[in-house]
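Inspection log for the structure reproduced underneath, given as C-alpha cells.
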Amino acid sequence: MAYGNLLTDVVQSSTTNTPPVFKDGNGTETGQLCRAWVNFGYVSSAISIRSSYNVSSITRVSTGVYTVTFTNNLTDSNYSVILTTCRENAESDLRAACIDLNGSYSTSTFRIAALVSGSTMTDRTVITAAVFR
C-alpha cells in the first residue's frame, strides 16, 4: 500500500509542551523534533543570544561556563545535548562539553563548558547547542 505526501502548514501535538512523535508503519517511534536549540556567545562582556528555540536565558557562571535555561521545562533530565563552538585565532584542542556541576543538569537547565588545553575554560563568541529527548 502506498501513501502520498503530506502537505501542511502546522503539525500540532495533542499534549501541551510535548512535541509530535514520528512513528513507522507498525506504530514504533522513530524520532522526535529538537526540544530546544540556541546560538549564542560571550561578546563585549555580555551574553549575546543570536537565535534560539525554547531557551529563555543563558547565564555566565564563570569563565567559559554557562547555564542554559529552558522556556518550557523538559519532562525529565534524560536528554541529549549536542554542542559546537568555533576556534578563534590559533587556539588548539578546543572543545565544548555539557557538564553536570552540582546537579545542574535538570529538566529546566543544563551547563556548558568551553575548554581549551585540558581543563582550562575560555569564553567563546560562538557556541551552539541542540537538545533532543
Side-chain angles (χ1 to χ4, degrees):
M1 179 184 301
Y3 295 97
N5 292 331
L6 170 66
L7 301 175
T8 184
D9 292 328
V10 176
V11 174
Q12 181 175 344
S13 176
S14 60
T15 307
T16 302
N17 293 328
T18 302
V21 174
F22 299 96
K23 295 184 178 185
D24 66 14
N26 293 323
T28 303
E29 182 178 332
T30 60
Q32 292 184 3
L33 300 172
C34 185
R35 298 299 302 267
W37 59 265
V38 64
N39 178 322
F40 76 98
Y42 190 69
V43 181
S44 300
S45 300
I47 294 290
S48 172
I49 298 176
R50 286 177 279 283
S51 192
S52 68
Y53 168 73
N54 197 27
V55 171
S56 63
S57 65
I58 297 175
T59 305
R60 182 177 180 261
V61 177
S62 60
T63 301
V65 179
Y66 311 93
T67 298
V68 178
T69 302
F70 298 121
T71 303
N72 296 302
N73 290 353
L74 302 186
T75 55
D76 58 47
S77 59
N78 297 320
Y79 50 86
S80 175
V81 179
I82 300 166
L83 300 167
T84 64
T85 186
C86 295
R87 290 176 59 148
E88 295 176 4
N89 303 319
E91 292 176 334
S92 61
D93 196 24
L94 176 64
R95 55 190 178 268
C98 182
I99 56 175
D100 180 3
L101 297 173
N102 302 318
S104 62
Y105 194 73
S106 71
T107 60
S108 60
T109 66
F110 65 93
R111 282 202 180 155
I112 294 171
L115 304 146
V116 289
S117 302
S119 61
T120 302
M121 307 293 182
T122 184
D123 288 316
R124 309 302 311 156
T125 57
V126 177
I127 297 174
T128 65
V131 178
F132 291 89
R133 168 68 180 91

Nearest heavy atoms of A130 and C34, plus distance in Å:
CB-SG, 4.1 Å
Do V126 and V43 belong together in a cluster built from hydrophobic side chains that touch within less than 4.5 Å?
no
Which of these passes side-chain contact (heavy atoms from CB on, under 4.5 Å) with T85: T122, T125, I127?
I127
Close side-chain approach of F22 to L33, heavy-atom, < 4.5 Å
yes
Nearest heavy-atom contact between V81 and A129 is CG1-CB, 4.3 Å
Expected output: side-chain T59 to main-chain V61 donor-acceptor under 3.5 Å
no
Tell me whether R35 forms a cation-pi arrangement with Y79, defined as NZ or CZ under 6.0 Å from the six-membered ring centre and within 45 degrees of its axis.
no
Between N26 and T28, is there a donor-acceptor pair closer than 3.5 Å when you use the side chain of the first and the backbone of the second?
no
Is there a path of hydrophobic side-chain contacts, each under 4.5 Å between heavy atoms of I/L/V/M/F/W/Y residues, joining F110 to I47?
yes
Are I49 and I112 connected, step by step, through hydrophobic side chains (Ile, Leu, Val, Met, Phe, Trp, Tyr) whose heavy atoms are closer than 4.5 Å?
yes
Decide if atom CD of Q12 counts as having more than 12 heavy atoms of other residues, nucleotides or ligands within a radius under 6.0 Å.
no
F40: ring-ring contact (aromatic ring centres under 6.0 Å, His included) partners, not counting sequence neighbours:
Y66
Ignoring hydrogens and geometry, is there a side-chain-to-backbone donor-acceptor pair from S48 to G41 under 3.5 Å?
no
So OG of S62 and CZ of R111: to nearest 0.5 Å the spacing works out to 8.0 Å
The residue among V131, N73, N72 that forms side-chain contact (heavy atoms from CB on, under 4.5 Å) with N54 is N72
Shortest non-hydrogen pair, R133 vs N78, comes out as CD-O, 3.1 Å
Is L83 reachable from F132 through a run of I, L, V, M, F, W or Y residues, each pair having side-chain heavy atoms under 4.5 Å apart?
no
Minimum heavy-atom separation for A113 and M121, please, with both atom names.
CB-SD, 3.8 Å
Taking the side chain as every heavy atom from C-beta outward, state whether S51 and W37 have any pair of such atoms under 4.5 Å apart.
yes
